[in-house]
Engineer: 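Sharing a structure, written as structure tokens. Questions coming.
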Amino acid sequence: MHSPSFSGGLSRRSLLGLGAGASAAALLAACAPAGPGAPAAAVEPPTFEPSLPAPENLEQTNITIGFVPITCSSPIVNAAALNIYEHYGLNVTLRRFTGWAELWIAFVAGELDATQFLAPMPLAIHHGFASGQRSLRLPYVTNINGNGITVSQRLAGQVESPEDFAGLRLGLPFDYSVHNLLARDYLVSGGLDPQTDVDLRIMRPADMVTALAVGQIDAFCLPDQFNQRAVVEGAGFIHALTKDLWAEHPCCSFAVAEDFAAANPNTYTALLRAIGDSALFIDDPQRRAETASLMAQPAFLGLPEPVLTAVLTGNYPDGTGEEHSVPDRIGFQPYPHESYGVWMLDSMQRWGLTGEQTFTTGAEYSAAVSEVFDSQAAADVLGALGGITQERTAETVLGRTFDPQNPLEWSKQAAS
């Protein structure tokens, strides 16, 4: 694969500013697919009937989109697998990346028109919280829920609540991730200081199942494919699904470069129709099993089909001997609620991830989020597709209400 250039103001040296005390490679490396078993044999894609007409007068038809091959990227990849992009008049090249740093760099350098990102990353990149800035729009989240906290089998019966993580080594995928932000609040809910009471380690997610098995870490918070892999390999048990900490929380997102979207409004609409159509198609519970079979193919996500099926259908063993049926283990409603963004922004500020910028009022938070979240474009497309477009007025995180109009109240409670 072509190695992305380091133009656009982002250098290898400045990558060190994206994390505390870790090398750039270790800090920002990929969610690369790895796991037991070979991907399934080739399968016929399900029949897809487009929901909307293709826009006319597309300014540009050739588009390059970045993605990391994890379950969170399913709407982006599925749109290629089912020829949805072609229906909407687009010739999309999907460019696979093995790490979030590599993806960040390529996007900032202008090598991508659009990309999958972890949900907090667009806020950080657009507002320049870390090295490497590019103006962008976030019209969609690519998935809701779809993550978990897994603990080593060595600690079975010993880790049952957040206070039990004291002194443990907890693996996390990236500073600018909901995994990092939500895991910290979970630890705080158990009376722990994440900075001093727990050894937080930013690691390659693809390495963490093995690290768990050999005792290099004690637990991790990652996308669900890795949690299920740990169960399949006997390395760990699923301690908690993050949906039970914050129901319908965002995980990954879809971002489009501002210069591309502004110059190509009809193409931008076509792109949103394609990915929105794809997301709602696979959000249907009746489509989950066949989506898992298709996405398991090497040309797409290239992940073991049993792992993908367990995640997408929500029927899974948790590593303790228990079987579960959780249909909303992962979801694909893509509307970008402003409350998502305000919570992430508040959390990033609380943990020192907003650089030199400070937000003090609800209006300041809202303005910073709305500058990035393209909710109107999302509503226009998703309304026509029958998706959810009603803004959420509050979030319930760890049993407490987060009011996006008064975010600092949450911070004060969390600090007390």
Side-chain angles (χ1 to χ4, degrees), residues 118-120 122-124 138 140-141 143-149 160-163 165 172 176-195 197-198 221 239-253 326-354 357-373 375 378-379 382 387-416:
L118 293 165
L123 287 166
L138 187 163
Y140 289 149
V141 295
N143 67 297
I144 54 176
N145 301 330
N147 299 275
I149 299 174
E160 299 178 352
S161 56
E163 54 265 32
F165 283 80
L172 298 166
Y176 292 101
S177 70
V178 170
H179 314 83
N180 177 40
L181 304 177
L182 188 55
R184 285 171 178 265
D185 271 356
Y186 180 61
L187 297 172
V188 169
S189 74
L192 302 180
D193 182 343
Q195 307 282 72
D197 296 334
V198 182
C221 182
H239 167 73
L241 296 179
T242 53
K243 67 172 285 294
D244 295 327
L245 310 183
W246 179 8
E248 299 183 357
H249 68 81
C251 175
C252 279
S253 62
V326 183
D328 62 345
R329 179 175 179 175
I330 190 170
F332 299 98
Q333 285 288 338
Y335 185 78
H337 297 277
E338 183 176 307
S339 53
Y340 291 164
V342 175
W343 185 90
M344 291 187 293
L345 186 57
D346 178 65
S347 188
M348 284 189 281
Q349 177 168 276
R350 185 149 45 92
W351 298 113
L353 294 171
T354 57
Q357 300 184 49
T358 302
F359 305 90
T360 59
T361 68
E364 290 177 353
Y365 279 92
S366 178
V369 171
S370 61
E371 189 176 319
V372 176
F373 282 28
S375 302
L382 296 177
I388 293 171
T389 59
Q390 182 66 41
E391 283 282 0
R392 289 159 64 141
T393 58
E395 301 292 336
T396 301
V397 184
L398 295 167
R400 294 192 291 117
T401 299
F402 175 78
D403 179 1
Q405 296 185 4
N406 190 16
L408 291 183
E409 186 61 31
W410 169 273
S411 299
K412 292 175 184 176
Q413 293 179 22
S416 62

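Just so it is clear, the values below take in all heavy atoms, side chains as well, and ignore hydrogens, waters and symmetry mates.
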Engineer: Taking all non-hydrogen atoms of both residues into account, name the closest pair between C252 and L118 and its distance.
Structural biologist: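 In this case the closest contact between C252 and L118 is SG-CD2, 3.9 Å.
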Engineer: Atom OG1 of T354 and atom CD of Q349: how far apart are they, to the nearest 0.5 Å?
Structural biologist: 5.0 Å
Engineer: So, Y365 versus Q405: side-chain donor-acceptor pair below 3.5 Å or not?
Structural biologist: no
Engineer: State which residues pass salt bridge (Lys or Arg N to Asp or Glu O under 4.0 Å) with E338; sequence neighbours excluded, sorted by chain then number.
Structural biologist: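 With neighbours one apart ignored, the set is empty.
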Engineer: Please identify which of these residues, P122, P336, P334, meets the side chain to side chain contact (heavy atoms under 4.5 Å, CB included) condition with S253.
Structural biologist: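 Only one option passes, and that is P122.
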Engineer: State, with a plain yes or no, whether a side-chain heavy atom of E248 is found less than 4.5 Å away from one of H337.
Structural biologist: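 Side chain of E248 against side chain of H337, heavy atoms only: no contact under 4.5 Å found.
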Engineer: Is a side-chain N or O of N145 found less than 3.5 angstrom from the main chain of A247, in a donor-acceptor match?
Structural biologist: no
Engineer: Is there side-chain contact between Y340 and E395, with at least one heavy-atom pair below 4.5 Å?
Structural biologist: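 Contact flag for Y340/E395 side chains = yes.
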Engineer: To the nearest 0.5 angstrom, please state how far the CG atom of N143 sits from the SG atom of C251.
Structural biologist: 4.5 Å
Engineer: Is any side-chain heavy atom of L345 less than 4.5 Å from a side-chain heavy atom of Q357?
Structural biologist: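 No. Closest side-chain heavy atoms not under 4.5 Å.
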Engineer: Is any side-chain heavy atom of F165 closer than 4.5 Å to a side-chain heavy atom of L192?
Structural biologist: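 Yes - at least one pair of side-chain heavy atoms lies under 4.5 Å apart.
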Engineer: Walk me through it: do R350 and L181 pass the test side chain to side chain contact (heavy atoms under 4.5 Å, CB included)?
Structural biologist: CA-CA 10 Å; R350 185 149 45 92; L181 304 177; over 6 Å; no
Engineer: Test side chain to side chain contact (heavy atoms under 4.5 Å, CB included) on V397 and W343; report intermediate values, then the result.
Structural biologist: CA-CA 10 Å; V397 184; W343 185 90; 3.9 Å; yes
Engineer: Not counting sequence neighbours, which residues clear side chain to side chain donor-acceptor pair (under 3.5 Å) with T393? List them please.
Structural biologist: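 Partners of T393 by the side chain to side chain donor-acceptor pair (under 3.5 Å) criterion come out as none, since no residue qualifies.
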Engineer: Looking at every heavy atom in both G362 and P407, which two are closest together, and how far apart are they?
Structural biologist: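 Taking every non-hydrogen atom into account, CA-CD, 3.9 Å.
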Engineer: Using the rule given for ring-ring contact (aromatic ring centres under 6.0 Å, His included), can you reason through H179 versus Y186, listing the C-alpha separation, both sets of side-chain angles and the distance that settles it, and then say yes or no?
Structural biologist: CA-CA 10 Å; H179 314 83; Y186 180 61; over 10 Å; no
Engineer: Roughly how far, to the nearest 0.5 Å, is the CH2 atom of W246 from the CG atom of D185?
Structural biologist: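 D185 CG to W246 CH2: 9.5 Å, rounded to 0.5 Å.
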Engineer: Within the structure provided, determine whether F402 and V342 are in side-chain contact (heavy-atom separation under 4.5 Å).
Structural biologist: yes
Engineer: Mind listing the closest non-hydrogen atom pair of L138 and A119 along with its distance?
Structural biologist: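 Smallest heavy-atom distance, with atoms named: CD1-O, 4.2 Å.
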Engineer: Check whether the side chains of Y335 and E391 place a donor and an acceptor atom closer than 3.5 Å, and report yes or no.
Structural biologist: yes
Engineer: Is it the case that the side chain of S347 and the backbone of M344 share a donor-acceptor pair, with hydrogens and angles ignored and the cut-off at 3.5 Å?
Structural biologist: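 Not confirmed, S347 side chain does not pair with M344 backbone.
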Engineer: Is any side-chain heavy atom of Q333 less than 4.5 Å from a side-chain heavy atom of L382?
Structural biologist: no
Engineer: How long is the span from the CG atom in L187 to the CD1 atom in I149, to the nearest 0.5 Å?
Structural biologist: 7.0 Å
Engineer: About how many Å separate CG of N147 and CG of L241, when rounded to the nearest 0.5 Å?
Structural biologist: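 One finds 9.5 Å between CG of L241 and CG of N147.
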Engineer: What closest approach, in Å, do V141 and P250 show between heavy atoms, and which atom pair accounts for it?
Structural biologist: CG1-CB, 3.8 Å
Engineer: Can you confirm whether L172 sits close enough to S177 that some side-chain heavy atom of one is under 4.5 Å from a side-chain heavy atom of the other?
Structural biologist: no
Engineer: For a 4.5 angstrom cut-off between non-hydrogen side-chain atoms, does L353 reach N180?
Structural biologist: yes
Engineer: I'd like to know if the side chain of T396 and the backbone of G399 have a donor-acceptor N/O pair within less than 3.5 Å.
Structural biologist: no
Engineer: Starting at OG of S339, measure out to CZ of R392 and round the result to the nearest 0.5 Å.
Structural biologist: 5.5 Å
Engineer: Please evaluate residues V188 and L398 with respect to the criterion side chain to side chain contact (heavy atoms under 4.5 Å, CB included), reporting the C-alpha separation (whole Å), side-chain torsions for both, the decisive distance (0.1 Å), and the verdict.
Structural biologist: CA-CA 10 Å; V188 169; L398 295 167; over 6 Å; no
Engineer: Kindly write out the residues that satisfy salt bridge (Lys or Arg N to Asp or Glu O under 4.0 Å) with R184, not counting sequence neighbours, or none if the list is empty.
Structural biologist: none
Engineer: I144 and H249: side chain to side chain contact (heavy atoms under 4.5 Å, CB included), yes or no, with the steps?
Structural biologist: CA-CA 5 Å; I144 54 176; H249 68 81; over 6 Å; no
